[in-house]
Amino acid sequence: MIAVQSLSRHFGTIKAVDDISFNVGKGEILGFLGPNGAGKSTTMKMITTFLAPTSGTASVGGCDIIDQPIEVRARIGYLPESSPSYKDMNVYDFLMFAAEIRGYDGSERIDRVKKIMETCNLKEVAYQQIDTLSKGFRQRVGFAQAFLHDPEYLILDEPTDGLDPNQKQEVRNLIKSMGREKCIILSTHILEEVEAVCTRAIIIGSGKIVADGSPADLKAKSKRHGAVYLELENVDSNEVMTSLEKVQGVDKAEKINAEAPASEEGGKAGNLSRVRVYPMFGKSIAHEIASFVRQKNWKLERFSVEEGDLNEVFYNLTKGGAAR
Amino acid sequence: MRNFKAIFKRELKSYFESPVAYVFIVIFLLATTGCTFFISKFFENRAATLEPFFVWHPWLYLFLVPAVGMRLWSEERKSGTIELLFTLPVTMEQALVGKFFAAWLFVGIALFMTFPMVITVAYLGSPDYGIIFASYLGSFLLAGAFLAVTCLFSAMSKNQVISFVLSVVACFAMLMLGVGVFTDFLNRFFPVWLSESISAFSFFTHYQGFQRGLIDSRALVYFISIIAFMLAANAVVLERKKSE
Ligand SMILES: Nc1ncnc2c1ncn2[C@@H]1O[C@H](COP(=O)(O)OP(=O)(O)O)[C@@H](O)[C@H]1O
Ligand SMILES: [Mg+2]
């Protein structure tokens, strides 16, 4: 388990990380979400013992980051932001170096390195100098270095940064496949990534934790969570709006001017009205809306209940606005 | 020990994998022999001694050693690999000492390649091999002291050029402490005992002993302490600067 207790780090007057506490257990993939400058990297640097905390501490597998840094490092695989590596070395030599420091020698060391090069698809560039590699390959070298010793704890700082969509997908699959028996923290500012791979997300803004929960929990904080989206044909949208707002549990209805250029007025025959209906806090309105539409005999083209928008939650939480 | 070895090997290999290493060795050999033959007029002295060869070493090291050592930490900090290094299970001491010894051995190899000079004097006459051995030892220790100073300044800046300039200035100061003009200058302001003890810290004074064939244990202790002190200071600086 990784246990972080009141961890803080100040740079002069900047509180880069301000009294953060959380635990991550085995089998969890924790997404560290936040805008640039939120303090994600600084937190990771402290957990990996690179940076000393101003106050607070953390422990990794029972070893304290301040008292037993070497034991902590031995347990962690770390991919620093923008995956630095010795540019003048070739991939094989670099991984052999990391393997030596990780305590492997003789044929075991060679086997390890060969195996990890296979896992990370690095065989074709094994003897190529690292500074001649593309960003995607360099990232994989960083991964290979982090996974080399099959660590129980993985800390990945923006692991998909700078990769193309296919490579991103590859990396996400790799992380997901490892997540079951490891304890992983990854940072990102890409929201789909959290939804795609993480079992849990912590949103951090200006050095503080502003939300902590599963991606679904976080989406539930969205105003749109539980909202009903309707597309109705041949109705007067103004009338629809006013009548929908009278339905029990409805907070407000909103007209959506999606790609419907010719019909801003709405309500004309042959036109589609798009409406989103927001529930009052904690209310579920799907049933009520459905029966109301049936009762009114409106021609329904589409009906969907929204899960909520992580983007909106993220925006509100980290801009200091209020999500619910 | 394993980590020391890994870091030492990586560093030494990276020297020999870059063309700069060979340029350095060639410049070192050309400069030492050039100064010996053309400035000190080695042949015209008609003496089977390497003194005109060793007398140049402090002045050549002054620029060449900082050139070898400037990248040691600057480069790690600039490229961010320092974050990688110090999140691997490596202690600060292992990393410092591993890198230092790799660079020192590299300079040592360059120094070793001046052995044709020994063959030359052996051919010309019958030199005192004791003095030659002591001089080589002194030269190697002096290079180590310069290198330790360079390591320290290399940790202070991400910019190799700045590291180089700072190192040259610091090495120059350490050298000049014992040179006549400087001691005379000090004598004008300080009592003799003080200026003497300042010059007792000079690289130059201690280097000269070896050139006379003297392997003085105090001089050995001096160079080893200087190296140890500089590396300790290096650790402090690096701890503060590594994450910037
Ligand atoms: N070495 C440093 N010196 C001064 N300020 C720093 C340093 N490292 C980070 N910061 C500041 O700390 C804050 C958090 O940075 P960081 O943890 O890198 O954010 P993130 O990874 O979430 O983008 C930023 O305001 C950044 O400018
Ligand atoms: Mg970052």
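Lettering of chains follows the sequences in order, A, B, ..., and the numbering in each one begins at 1.
- Across every non-hydrogen atom of B:S14 and A:D88, the tightest pair is CB-OD2, 3.4 Å.
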Inset, instruction - Please assess B:I7 against A:I101 for the test side-chain contact (heavy atoms from CB on, under 4.5 Å), listing each intermediate value before the final yes or no. - result: CA-CA 8 Å; B:I7 289 166; A:I101 289 195; 4.1 Å; yes

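- The parts of A:R102 that come within reach of chain B are both its backbone and its side chain, each placing non-hydrogen atoms under 4.5 angstrom from that chain.
- No more than 12 heavy atoms of other residues, nucleotides or ligands lie within 6.0 Å of CZ in B:F172, so this atom counts as exposed by the packing criterion.
- Comment: A:E100 does not engage B:R10 in a salt bridge, judged by the lack of any side-chain N to carboxylate O separation of less than 4.0 angstrom.
- When all heavy atoms of B:G80 and A:P84 are compared, the closest pair comes out as O-CG, 3.4 Å.
- Applying the 6.0 Å contact sphere to CZ of B:R2 captures more than 12 heavy atoms from other residues, nucleotides or ligands.
- The number of heavy-atom neighbours closer than 6.0 Å to CZ of B:F229, taken from other residues, nucleotides and ligands shown, is 12 or below.
- Atom NZ of B:K9 sits in a crowded spot, with more than 12 heavy atoms from other residues, nucleotides or ligands closer than 6.0 Å.
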Inset, instruction - Output, in order, the C-alpha distance, side-chain angles, deciding distance and verdict of side-chain contact (heavy atoms from CB on, under 4.5 Å) for B:L88 and A:Y78. - result: CA-CA 9 Å; B:L88 286 170; A:Y78 176 41; over 6 Å; no

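- Heavy-atom contacts from other residues, nucleotides or ligands closer than 6.0 Å to CZ of A:F11 number more than 12.
- Open room surrounds NZ on A:K15; 12 or fewer heavy atoms of other groups in view lie less than 6.0 Å from it.
- A:K115 NZ: 12 or fewer foreign heavy atoms inside a 6.0 Å radius.
- The distance from the CZ atom of A:F97 to the NZ atom of B:K13 is 11.5 Å, given to the nearest 0.5 Å.
- Chosen from B:S79, B:A6, B:P89, B:S18, the residue pairing most often with chain A at heavy-atom distances under 4.5 Å is B:P89.
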Inset, instruction - Would you check, one step at a time, whether the test side-chain contact (heavy atoms from CB on, under 4.5 Å) holds for A:F50 with B:I82? - result: CA-CA 9 Å; A:F50 182 64; B:I82 192 162; 4.1 Å; yes

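- Here CG of A:L51 is found 9.0 Å from CD of B:E83. Values are rounded to the nearest 0.5 Å.
- Annotation: A:K182, atom NZ; neighbour count of heavy atoms from other residues, nucleotides and ligands within 6.0 Å is above 12.
- If you tally non-hydrogen atom pairs under 4.5 Å between each of A:I70, A:I76, A:D93, A:L79 and chain B, the highest count goes to A:I70.
- Proximity to chain A is limited to the side chain of B:E76, based on heavy atoms less than 4.5 angstrom apart.
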Inset, instruction - Evaluate the criterion side-chain contact (heavy atoms from CB on, under 4.5 Å) for residue pair A:Y86 and B:L85; output intermediate values, then yes/no. - result: CA-CA 10 Å; A:Y86 292 102; B:L85 184 64; 3.8 Å; yes

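- Residues that satisfy the side chain to side chain donor-acceptor pair (under 3.5 Å) test with B:Y136, not counting sequence neighbours, are B:T114.
- Contact annotation for A:F94: only side-chain heavy atoms (C-beta onward) come within less than 4.5 Å of a heavy atom of chain B.
- Neither the backbone nor the side chain of A:E71 has a heavy atom closer than 4.5 Å to any heavy atom of chain B.
- Heavy-atom pairs under 4.5 Å with chain B peak, among A:M89, A:H149, A:K87, at A:M89.
- Neither the backbone nor the side chain of A:D105 comes within contact range of chain B; no heavy atoms are under 4.5 Å apart.
- In this structure, B:L84 CG and A:T48 OG1 are separated by 10.5 Å, a value rounded to the nearest 0.5 Å.
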